[in-house]
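For reference, the structure discussed in these notes is given below.
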2 protein chains.
Amino acid sequence: MSDKPFETHRLRSTSEAPDSRAVAARLAALSHPARIEILKHLSASNSCCCREVVDRFDLAQSTVSQHLKILVEAGLVRFEPDRQRSRYAIDHAALADVSASLTALVNSCCSGR
Amino acid sequence: MSDKPFETHRLRSTSEAPDSRAVAARLAALSHPARIEILKHLSASNSCCCREVVDRFDLAQSTVSQHLKILVEAGLVRFEPDRQRSRYAIDHAALADVSASLTALVNSCCSGR
DNA sequence: ATCGTTTATCGCCGATGGACGATGAGTGAC
DNA sequence: GTCACTCATCGTCCATCGGCGATAAACGAT
């Protein structure tokens, strides 16, 4: 009944905009410097197994695996098991989509001025 | 000595790229649905005092104040005390800058393919 | 079968985030 | 002055994040 976007801490799922929650969730996956660096590394490399990322950064294997999992769950990185390795690759379309969402948000904010 | 981007959990401050930490920090400010909605509201309104935001969303005044503070500290919203009110306004330039940073990141990732 | 490698997951822990209510300061109206 | 209103901040609570080491599973090689 309320016309407010929140109902006790939860956003309404109005069928209108790209849903602030979805945008926020994907931005959250990008809001950690390690994950940004990992994304850059994935884009520069083509092997992209977990171990390679671990070798490149001073982070424990478990930590890297966790970051990769977050990126995969956010849909920004695709995962494909390959023998005993795990192949991680950037989902360029998804990444472009996030960028577009943010640009759209910014534009909507600027149009209101 | 290390050529790795991290040195025991801290990013090197290489004088090169837009610094993943800075980008991550600003994206973190955007990675909460309430703050996205608040930004949208600020862009659609021109009064933009804290109370108005409180009235619009089902959030406690202290919670809204905290969200606004985060947006201000991230440099995305400008703050100006006005009598007993507090005037909040979107910093369009900063917002555009964040969007540009993300776009640049995405582009750099796509160029590497 | 055994070893080495790679990976995901678990448990733990300190730090942070996000919500709230309560409080106090500041302002305007009376 | 007092009252009402607005706001920032404090303290508290709980959940999540982000790091690590340890462990177990899966696979390749010997």
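Proteins get letters first, then strands, A, B, ... in listed order; numbering begins at 1 in each.
- Between the CD atom of E73(A) and the C1' atom of dG18(D) there is a distance of 15 Å, rounded to whole Å.
- For H67(B), a side-chain nitrogen or oxygen approaches OP1 or OP2 of dA19(C) to under 4.0 Å.
- Side-chain atoms of R35(B) come within 3.5 Å of backbone atoms of A29(B) as a donor-acceptor pair (strictly under, hydrogens ignored).
- Taking atom CD1 of I36(A) as the reference point, atom P of dG18(D) lies 12 Å away to the nearest angstrom.
- With hydrogens and angles ignored, the 3.5 Å screen pairs no side-chain donor or acceptor of R21(A) with any backbone N or O of P33(B).
- Residues passing the side chain to side chain contact (heavy atoms under 4.5 Å, CB included) test with E73(A) are K69(A), sequence neighbours excluded.
- The line from CG of L95(B) to CG of L71(B) is 9.5 Å long, rounded to the nearest 0.5 Å.
- When the P atom of dG21(D) is taken as reference, atom CG of D58(A) falls 12 Å away, rounded to whole Å.
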List the atom pairs, donor and acceptor, that lie under 3.5 Å between side-chain atoms in residues 79-90 of chain B and the rest of the protein, sequence neighbours left out.
unit_1, atom_1, unit_2, atom_2, d
R87(B), NH1, S47(B), O, 2.4
R87(B), NH2, N46(B), O, 2.8
R87(B), NH2, S47(B), O, 3.4

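- A close approach under 4.0 Å does occur between a side-chain nitrogen or oxygen of R83(A) and OP1 or OP2 of dG28(D).
- Applying the salt bridge (charged side-chain N to carboxylate O under 4.0 Å, His left out) test to every pair with at least one member in residues 92-101 of chain B, sequence neighbours left out, gives these pairs: R26(B)-D97(B).
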Exercise for the section: Heavy atoms under 4.0 Å is the rule here; annotate nucleotides 5-11 of chain D 5' to 3' with B where the base is hit, S where only the sugar-phosphate is, and - elsewhere. Expected result: -SBBB--
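- The CG-C1' distance, from D82(A) to dA8(C), rounds to 16 Å in whole Å.
- For the helix from dA1(C)-dT30(D) to dC30(C)-dG1(D), the end axes, each set by the C1' atoms of five terminal pairs, are bent relative to each other by 20° (nearest 10°).
- Residue H32(B) has no polar side-chain atom (N or O) positioned under 4.0 Å from OP1 or OP2 of dT16(D).
- Note: L59(A) CG to S65(A) OG = 12.0 Å, rounded to the nearest 0.5 Å.
- Residues passing the side-chain hydrogen bond (donor to acceptor under 3.5 Å, both in side chains) test with S99(B) are T103(A), sequence neighbours excluded.
- What separates CD1 of I70(A) from C1' of dG19(D) is a distance of 11 Å, to the nearest Å.
- Minimum heavy-atom separation, L27(A) to L102(B): CD2-CD2, 4.2 Å.
- In this structure, CG of L71(A) is placed 12 Å from P of dA8(C), rounded to the nearest angstrom.
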